[in-house]
Visitor: 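First, the structure itself, so that you have it in front of you.
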Amino acid sequence: MNPLQLAQARPGPAFTVTFDGQEIEALPGQTVAATLWTVGVTAWRTTRGEGRRRGVFCGIGVCFDCLITINDRPGQRACLVPVRPGDVIRTQEGTGHDD
């Protein structure tokens with residue numbers, strides 16, 4: 001069964017955001033992390049030293065594993081930032097700054 005039906009959720013209309021150059025659909029109220037999970041993306045950052053892939057670990061904004069670049073701003077916590085129409089979301093390499 002559809003989880004939206006189970007929760008009796010009635011979100012507004014879907015909208016489009018871009019992740020690594022690909023358009024994906026999002027729903028109002030979703031976080032960036034939830035939007036990415038919905039389309040099967042579970043990792044969107046690499047660590048500074050060894051380039052290991054990371055995504056959500058704690059899901060409540062404590063661990064900083066889910067850092068991502070949103071609208072050219074690196075270091076955003078995907079588990080806390082609400083997705084907005086037209087957002088441009090990119091995988092973050094290391095700190096997201098030109099090192």
Visitor: Please name all residues satisfying side chain to side chain contact (heavy atoms under 4.5 Å, CB included) with Val81, sequence neighbours left out, ordered by chain then number.
Guide: Val32, Ile70, Gln76
Visitor: Indicate the atoms forming the closest heavy-atom contact of Leu80 with Gly61, along with that distance.
Guide: CD1-CA, 3.7 Å
Visitor: Quick one: are Ile89 and Val17 in side-chain contact, heavy atoms under 4.5 Å?
Guide: yes
Visitor: My understanding is that only residues two or more places apart in sequence, or in another chain, count here; which of them pass side chain to side chain contact (heavy atoms under 4.5 Å, CB included) with Glu23?
Guide: Thr16, Thr18
Visitor: For Thr69 and Pro74, which heavy atoms make the closest approach, and how far apart are they?
Guide: OG1-CA, 3.6 Å
Visitor: Give the intermediate values and the outcome of side-chain contact (heavy atoms from CB on, under 4.5 Å) for residues Phe19 and Asp87.
Guide: CA-CA 8 Å; Phe19 175 66; Asp87 277 347; over 6 Å; no
Visitor: What pair of heavy atoms forms the shortest contact from Ala26 to Val83, and how long is it?
Guide: CB-CG1, 3.8 Å
Visitor: Running the 4.5 Å side-chain criterion over Ile, Leu, Val, Met, Phe, Trp and Tyr, what cluster does Phe64 land in, apart from itself?
Guide: Leu67
Visitor: Distance from Thr35 atom OG1 to Phe15 atom CZ, nearest 0.5 Å?
Guide: 6.5 Å
Visitor: Evaluate the side-chain contact (heavy atoms from CB on, under 4.5 Å) criterion for residues Gln92 and Thr46: first the C-alpha distance (whole Å), next the side-chain angles of each, then the deciding distance (0.1 Å), finally the verdict.
Guide: CA-CA 6 Å; Gln92 182 168 308; Thr46 59; over 6 Å; no
Visitor: Return the set of residues passing side chain to side chain contact (heavy atoms under 4.5 Å, CB included) with Arg54 (not counting sequence neighbours), or none when no residue passes.
Guide: Arg45, Thr47, Arg52, Asp65
Visitor: Quick one: salt bridge (Lys or Arg N to Asp or Glu O under 4.0 Å) pairs with a partner in residues 26-38, sequence neighbours left out?
Guide: none
Visitor: I need the Trp44 CH2 to Arg90 CZ distance, nearest 0.5 Å.
Guide: 16.0 Å
Visitor: Quick one: list whatever passes side chain to side chain contact (heavy atoms under 4.5 Å, CB included) with Ala14, sequence neighbours left out.
Guide: Glu25, Leu27
Visitor: Taking C-beta and beyond as the side chain, do Cys79 and Thr31 meet within less than 4.5 Å on heavy atoms?
Guide: no
Visitor: Rounded to the nearest 0.5 Å, what separates atom CD1 in Ile68 from atom CZ in Arg73?
Guide: 13.5 Å
